[in-house]
Amino acid sequence: GIPIRTTLDNSTTVQYAGLLHQLIMKARSTVRDIDPQNDLTFLRIRSKKHEIMVAPDKEYLLIVIQNPCE
Amino acid sequence: KSCQTGKISTAETAVQSHTSRDAGVQTDQSKDAVQDFQQEVQVDYTSLLSFLQRVEDAVIKELNKNWKSRAFDGFEVNWTDQNETVLCLHTLSYPEAQDQNLQVTSVSWNATGSVVACSYGRLDGGDWSTEKSYVCTWNLDRRGLNPQRPDLVVDVPSSVMCLAFHPSQPSLIAGGLFGGELVVWDTSRTEDPVIWRTGMTDDTHTDPVYQVNWLPDTKHRNHARLLSVSTDGKILVWREERDGRLALAEGFAMVAQQIPRSTQLKKFAWGEAAVGVTSLSFSHFDPRVFVVGVEGGYSLKCSTAAETLALHRAGSSVPLRAPAELAFSPHGGPVYSVSCSPFHRQVLNLFLSCGTDGQVHLHSMLQTQPLVSLQLSEKYLFCVRWSPVRPLVFAAASGEGNCNKCFCFIGDVHLFDFGKSSQKPAVSIKQAAGECPVYCLEFNIKQTRLLAAGDATGTVKVWQLSSDFTEQGPREMNRLEQLASEITD
C-alpha cells in the first residue's frame, strides 16, 4: 500500500502500510474462503502496547493506532 | 483405451566447463531506502473523501468503545516459556590467565550476539605494568563449547584495559592498552589478528585507555572511527589509515579550568590540572552529545560540536578542543561508569553514573541535580549499564571496598527495576563464592536474556535473566517519563 496521508513519521508509516496491506488481503481471503458470501468489514489487532484498527475498502485503507485505557 | 506419447527425439552430448573464476560475495550494509512518498502519489481526492466519509462513523464508534472497554483487563498472553529465576548459563575462563592472577577488565558481545570476548589485565596494577595479557573469545552458539578453552586467544604484550566489538562487523574487536595504545584485532584471521594499531606516537595517550568505542563515520558508511578515553584527560577519535595505522582524526581534552561549573555546585580549586576521564557514553538521541565520567567524581555533558580549543595541549597533530558544556552534581569519589538510556524521547535524556561511593545517580541531562540517588552498596561500583529492552531496568557491578557495617546487599551484580522498587535492587546475583569484585558487565543486544559479567578471579559468567527482566510491560515508557518528571519539580 502507498501511504497518502499520515500523522506518524515516514518510515513507521511505510512499514505499517506495507505490512497491514498484506494482512488485510490474508484476512479477507480467510473470511471469503469460509463463506463466499461474506466479506471483511473491519480488522482489529490488539497487542500488549496498543490496538491497531483497519477499515478496508476497494481502493483505500484507513489505519488507526490507539492506546487503549488500561 | 490406452494412450502413448509420440516418439521423443533424444541426443547425447557432453559438456565441460572451460574456465572458472572465483569470486567472493558479501552483502554490504544497505543504504536506507525510505523514500519521501508524499510527492509521488496521484490521488483522486473526491473518491478519497467519499471513502473517509463512509468509514468515519464506524471507526469513531470503535475508538470510543475501546476507551470504555474493560474486556481485556488482566488479559495476558505468554508467547514464550516464562523463566522465573536468573541462571548462570556459562562460566568461562582461561586457565593460563588465571594462573597469572589476571583479572577480567572488560567484556564485550559481538554484532551477532553469539560471541563474547573478554580482556585480561589488572585493574589494581599500580603505576606501571609490563605483564603480558590476553584477549579471549568464546562462541556460545558452537556445539563443542569448552568453557576453559576459548575459541581464540590473542597474546598482548601489555595489559588490555577495555574492549569493544565492532557494531556491525562481527569479527573486528578493538582494545585499549595500559600503555595508552589502541589495537584492533580481526578474529577471523588466523595468523596475525592485529589489523590496526596506534603505536606509540606523540598523539597516543600517556595513561591507560579505560574505554574504547566505535563511532559511525558519517562520510564513509562502511568505515567506522574509534574513540578512546583515558585518565590523561584526552578523548581522541582515530581513523583507519592504509598501512595498518590508526591516525588521529580529532580530539578533545578535559582541562580543569575549562569545566563549566554552575553556581549550585561548590567551588573547587582545580587549577590547570588535566581531568582524568574514566568512562564515556554517547546519547542515543543526539549523536553529537556524550556524557563522560571523571576521576574527580563529576559527570559532564559534552558535545562533539564544541569549538573552543583546550588549554595547554600542545604537541598533538590535531588541535584538541574542550567539549564540556555542563557539570552535574558530583559523586563522593571517582566515577567509574556512565551509561545513557537507549530509550530516548525528546524530553528524556537520562543517564546513569556510578562510582566508588557505592551510589548510582540517575540524571536528566537538563538539570545538574540527580533525579534519583541510590546507595546500592557499601563497595565500589565499577560498571553500570541500562537494559537494552526494558526502559526501567539497569544492572550494576560491585566489588571491593571496606565494609564497616553489614549491609543487606550481599550480591555482586545488582539488577535494579524502577518499576518494582525505587529503593533496593530487584535481584542481587552473587558472582562467586567469597568476595570477588565484578569489574565489568554487558547486556547482549541480540539475545536479550543474556548478561555477561567479568570478575577479579579471571572468570566470565554468562547469566540468563528471568522473563520479567526481558519483557517490556505495556506502559513502561510512560512510567519512565513519569519518573523523570515527578522528581524534577
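Each chain gets a letter, A, B and so on, in the order its sequence line appears, and its residues count up from 1. Fair warning: this is a prediction, and the values are worked out from it, not measured in the lab.
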For Leu63(B) and Val64(A), what are the C-alpha separation, side-chain angles and deciding distance, and is it a side chain to side chain contact (heavy atoms under 4.5 Å, CB included)?
CA-CA 9 Å; Leu63(B) 286 171; Val64(A) 181; 3.7 Å; yes
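A 6.0 Å sphere centred on NZ of Lys446(B) holds no more than 12 heavy atoms belonging to other residues, nucleotides or ligands. At most 12 heavy atoms of other shown residues, nucleotides or ligands fall within 6.0 angstrom of atom CD1 in Ile445(B). The neighbour count for Arg288(B) CZ, taken as heavy atoms of other residues, nucleotides or ligands under 6.0 Å away, does not exceed 12.
Legend: ring pair (Phe, Tyr, Trp, His ring centres under 6.0 Å) pairs involving residues 39-63 of chain A, not counting sequence neighbours, sorted by first then second residue: Tyr60(A)-Phe51(B).
Put simply, NZ on Lys65(B) and CE on Met53(A) are 10.0 Å apart, with the number rounded to the nearest 0.5 Å.
Counting heavy atoms from C-beta outward, Arg46(A) and Asn66(B) have side chains that approach closer than 4.5 Å.
If you tally non-hydrogen atom pairs under 4.5 Å between each of Asp44(B), Val59(B), Leu52(B) and chain A, the highest count goes to Val59(B).
Interface remark: Ile65(A) contributes no atoms to any contact with chain B (heavy atom separation under 4.5 Å). In this structure, chain B has no heavy atom under 4.5 Å from any part of Gln15(A).
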In a table with atom names and distances, give each donor-acceptor pair under 3.5 Å that connects a side chain of residues 20-33 of chain A to protein atoms at least two apart or in another chain.
| from | atom 1 | to | atom 2 | distance (Å) |
| --- | --- | --- | --- | --- |
| Arg28(A) | NE | Asp39(A) | OD1 | 2.8 |
| Arg28(A) | NH2 | Asp39(A) | OD2 | 3.0 |
| Ser29(A) | OG | Met25(A) | O | 3.4 |
| Ser29(A) | OG | Lys26(A) | O | 3.0 |
| Thr30(A) | OG1 | Lys26(A) | O | 2.7 |

